Amino acid sequence: MPVFDASRLAGKTVIVTGASAGIGAATAVLFAKGGSNVILVARRKDVIDAVAQQCAAAHKESGLSQGGKFATVQLDVSDKTSVASLWDKIPQDLKDVDVLVNNAGYVLGVEHVGTIKDEDIEGMFATNVLGLISVTQLLVRHFKEKKAGHIINLGSIAGREPYAGGSIYTATKHAVHAFTASMMRELVNTPIRVTEIQPGMVETEFSIVRFRGDTSAAKKVYEGLQPLVAEDIAEEIVWAAARPPHVNIAEVLVFPVNQASATINYRGPKA
Ligand SMILES: NC(=O)c1ccc[n+]([C@@H]2O[C@H](COP(=O)([O-])OP(=O)(O)OC[C@H]3O[C@@H](n4cnc5c(N)ncnc54)[C@H](OP(=O)(O)O)[C@@H]3O)[C@@H](O)[C@H]2O)c1
């Protein structure tokens, strides 16, 4: 008997944005393992196709008869026109979506205000905020018609706590928090659930993207402590989705054991 009941996921259909790497890829695979169908969305088509194959393998290994359908949609969430075409790109037999995981997002650089490139500011807002909102607008209409659904947004500790060198990223994640909390209030008279997952330090491609491909700068972020891995956050997402329909996990803040805030962490000898 498993510790928690994930049987409610079996046969459900889940969209995961940013499913080509890190948290999104791990989430897609874990939903597949739980017997869900998954629509994987990201810009790198060959990479989401490879993750979809991992989903198929995980589903096969689970031995579950429900689920096992996987589709990939190449999409840039920051491109409004392409988001508008998302619905048409979802195969007919996967259109009855139950869960949306708004995970696509990134941070670029650690520059201070005054020296941040316009294109970096615009890119982060267009993806983390406007992209998340566009995809949500599309799916919330479907969930309202269906009278069921779950929107799970990837916030961050950066959405609760600003820090120097993260002005734009923290502003985007504060916006995600405000948007998510407002939407939860708007949907309070519906069966639609709204969750915000707020990770601390997770070692994925995130810091490699932040440091523009400099893998040694990215490694330094996690030096001396054990960061979370993508699967740790995927477990929280899937756990929230698997709660009974009357339970809404509103927010989950997840740190590695040696992190206590956006900037407070411990890398010394263990006490
Ligand atoms: N890692 C952390 O420490 C951490 C902490 C707190 C919150 N988060 C949040 O968790 C989420 C996932 O991050 P991660 O750590 O898993 O990072 P990651 O490994 O870099 O993965 C990011 C994913 O987002 C996708 N993506 C980026 N821009 C996109 C766009 N315009 N359209 C579609 N997909 C896009 C990427 O795919 P393509 O490049 O193929 O498009 C990739 O699949 C992000 O929202 C991030 O802000 C991460």
Side-chain angles (χ1 to χ4, degrees), residues 15-30 39-52 54 72-83 85-86 89 101-108 119-120 122-136 152-161 163 166 168-177 179-180 196-213 215 218-219 221-222 225-234 236-237 251-256 259 261-262 265:
I15 298 185
V16 182
T17 70
S20 59
I23 295 167
T27 300
V29 171
L30 201 54
I39 300 153
L40 299 97
V41 175
R43 293 167 301 181
R44 290 172 291 172
K45 173 77 170 134
D46 52 332
V47 190
I48 30 173
D49 284 345
V51 178
Q54 288 173 36
T72 58
V73 178
Q74 182 177 25
L75 193 101
D76 181 342
V77 299
S78 71
D79 175 358
K80 261 201 205 149
T81 321
S82 102
V83 172
S85 71
L86 171 60
K89 290 181 177 160
V101 182
N102 269 317
N103 165 77
Y106 69 89
V107 59
L108 259 188
E119 70 214 52
D120 293 351
E122 285 155 16
M124 281 187 263
F125 269 97
T127 303
N128 302 2
V129 184
L130 303 180
L132 177 144
I133 293 172
S134 305
V135 178
T136 305
I152 303 179
N153 289 345
L154 266 291
S156 171
I157 178 59
R160 298 167 62 117
E161 228 190 293
Y163 59 87
I168 306 306
Y169 180 66
T170 65
T172 68
K173 289 298 182 181
H174 275 72
V176 168
H177 176 63
F179 175 75
T180 310
E196 184 182 344
I197 307 284
Q198 304 160 337
M201 278 188 265
V202 192
E203 191 168 9
T204 58
E205 292 180 9
F206 182 79
S207 291
I208 300 172
V209 172
R210 173 171 231 161
F211 293 106
R212 304 171 204 277
T215 48
K219 265 272 165 242
V221 173
Y222 313 107
L225 61 70
Q226 183 180 353
L228 299 170
V229 292
E231 287 72 17
D232 295 322
I233 302 303
E236 300 303 326
I237 294 169
E251 285 181 25
V252 185
L253 172 64
V254 194
F255 285 138
Q259 181 177 12
S261 81
N265 54 69

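Fair warning: this is a prediction, and the values are worked out from it, not measured in the lab. Counting convention: from 1, in listed order, for ligands and their atoms alike.
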Query raised in the report: Looking at side-chain heavy atoms only, is the closest gap between Pro256 and Tyr222 below 4.5 Å?
Result: no

Query raised in the report: Can you tell me the protein heavy atom closest to atom 39 (O) of ligand 1 and the distance?
Result: Arg43 NH2, 3.0 Å

Requested in this report: Output yes when a side-chain donor or acceptor of Gln259 lies under 3.5 Å from a complementary backbone atom of Met201, and no otherwise.
Outcome: yes

Report task. Indicate yes or no for a side-chain donor-acceptor contact from Asn128 to the backbone of Tyr106 under 3.5 Å, with no hydrogens or angles considered. Result -> yes

Query - Nearest non-hydrogen protein atom, atom 12 (C) of ligand 1 - result: Asn103 OD1, 3.1 Å

Query raised in the report: What protein heavy atom sits nearest atom 31 (N) of ligand 1, and how far off is it?
Result: Asp76 OD1, 2.8 Å

Query raised in the report: Quick one: does Val107's side chain get under 4.5 Å of Met124's, heavy atoms only?
Result: yes

Query raised in the report: Tell me: protein heavy atom nearest atom 37 (O) of ligand 1, and distance?
Result: Ser20 OG, 2.8 Å

Requested in this report: Determine whether the side chain, the backbone, both or neither of Leu228 has a heavy atom under 4.0 Å from any heavy atom of ligand 1.
Outcome: neither

Query - For atom 33 (C) of ligand 1, closest protein heavy-atom neighbour - result: Leu75 O, 3.3 Å

Query raised in the report: Hey, are Asp120 and Arg212 close enough for a salt bridge, meaning a charged N less than 4.0 Å from a carboxylate O?
Result: yes

Requested in this report: Could you tell me whether the side chain of Thr204 and the main chain of Ala230 form a donor-acceptor pair under 3.5 Å?
Outcome: no

Report task. Please examine the side chains of Phe179 and Val129, heavy atoms only from C-beta on, and report whether any two atoms are closer than 4.5 Å. Result -> no

Query - Sub-4.0 Å heavy-atom approach of Val47 to ligand 1 - result: no

Requested in this report: May I ask you to check if ligand 1 and Ser156 share an N or O to N or O distance below 3.5 Å?
Outcome: no

Query - Protein residue, atom and distance nearest to atom 16 (O) of ligand 1, heavy-atom basis - result: Ile23 N, 2.8 Å

Report task. Compute the shortest N/O to N/O distance between Leu154 and ligand 1 and return yes if it is under 3.5 Å, no if not. Result -> no

Query raised in the report: In ligand 1, which numbered atoms sit nearer than 4.0 Å to a non-hydrogen atom of Gly18?
Result: 23 (C), 24 (O), 25 (C), 42 (C), 43 (O)

Report task. For side-chain contact (heavy atoms from CB on, under 4.5 Å), just list the numbers for Ile152 and Ile197, CA-CA rounded to whole Å, side-chain angles, deciding distance to a tenth of an Å, and then say yes or no. Result -> CA-CA 7 Å; Ile152 303 179; Ile197 307 284; 3.8 Å; yes

Query raised in the report: Closest non-hydrogen protein atom to atom 5 (C) of ligand 1, residue and atom name please, with distance?
Result: Gly200 O, 3.1 Å

Query raised in the report: Is Gly155 in contact with ligand 1, taking contact as a heavy-atom separation below 4.0 Å?
Result: yes

**Report entry** Pair Arg160-Lys173, side-chain contact (heavy atoms from CB on, under 4.5 Å): steps then yes or no
**Finding:** CA-CA 8 Å; Arg160 298 167 62 117; Lys173 289 298 182 181; over 6 Å; no

**Report entry** Heavy-atom proximity to atom 46 (C) of ligand 1, best of Tyr169, Tyr222, Tyr106
**Finding:** Tyr169

**Report entry** Residue, atom name and distance, where the atom is the protein heavy atom closest to atom 35 (C) of ligand 1
**Finding:** Ala104 CB, 3.6 Å

Report summary line: Taking every heavy atom of Thr180 against every heavy atom of Val176, the minimum-distance pair comes out as OG1-O, 2.5 Å

Report task. Any atoms of ligand 1 less than 4.0 Å from a non-hydrogen atom of Pro199? List them with their elements. Result -> 5 (C), 6 (C), 7 (C)

Query raised in the report: At the 4.0 Å heavy-atom cut-off, does Thr17 count as touching ligand 1?
Result: no

Query raised in the report: Near Arg44, which atoms of ligand 1 are under 4.0 Å from a heavy atom of that residue?
Result: 37 (O), 38 (P), 39 (O), 40 (O)

Report task. Heavy-atom contacts with Thr127 under 4.0 Å: which atoms of ligand 1 show up? List them by number with element. Result -> 28 (N), 29 (C), 30 (C), 31 (N)

Query raised in the report: Side-chain contact, heavy-atom cut-off 4.5 Å: Asn102 with Thr136?
Result: yes

Query raised in the report: Taking both backbone and side-chain atoms of Ala21, is any N or O found less than 3.5 Å from an N or O belonging to ligand 1?
Result: yes

Query - Part of Val202 with heavy atoms under 4.0 Å of ligand 1, whether side chain, backbone, both or neither - result: both

Report task. Report the C-alpha distance between Asn103 and Thr27 in whole Å, list the side-chain angles of each, state the deciding distance to 0.1 Å, and finish with yes or no for side-chain hydrogen bond (donor to acceptor under 3.5 Å, both in side chains). Result -> CA-CA 10 Å; Asn103 165 77; Thr27 300; 5.9 Å; no

Query raised in the report: Out of Gly105, Gly22, Pro256, whose heavy atom sits nearest atom 22 (C) of ligand 1?
Result: Gly105

Report summary line: Only residue of Thr72, Leu75, Asp76 satisfying side-chain contact (heavy atoms from CB on, under 4.5 Å) with Val41 is Leu75

Query raised in the report: Side chain or backbone of Glu203 under 4.0 Å from ligand 1, or both, or neither, by non-hydrogen atoms?
Result: neither

Query - Heavy-atom check, side chain of Ser20 versus side chain of Leu40, under 4.5 Å - result: no

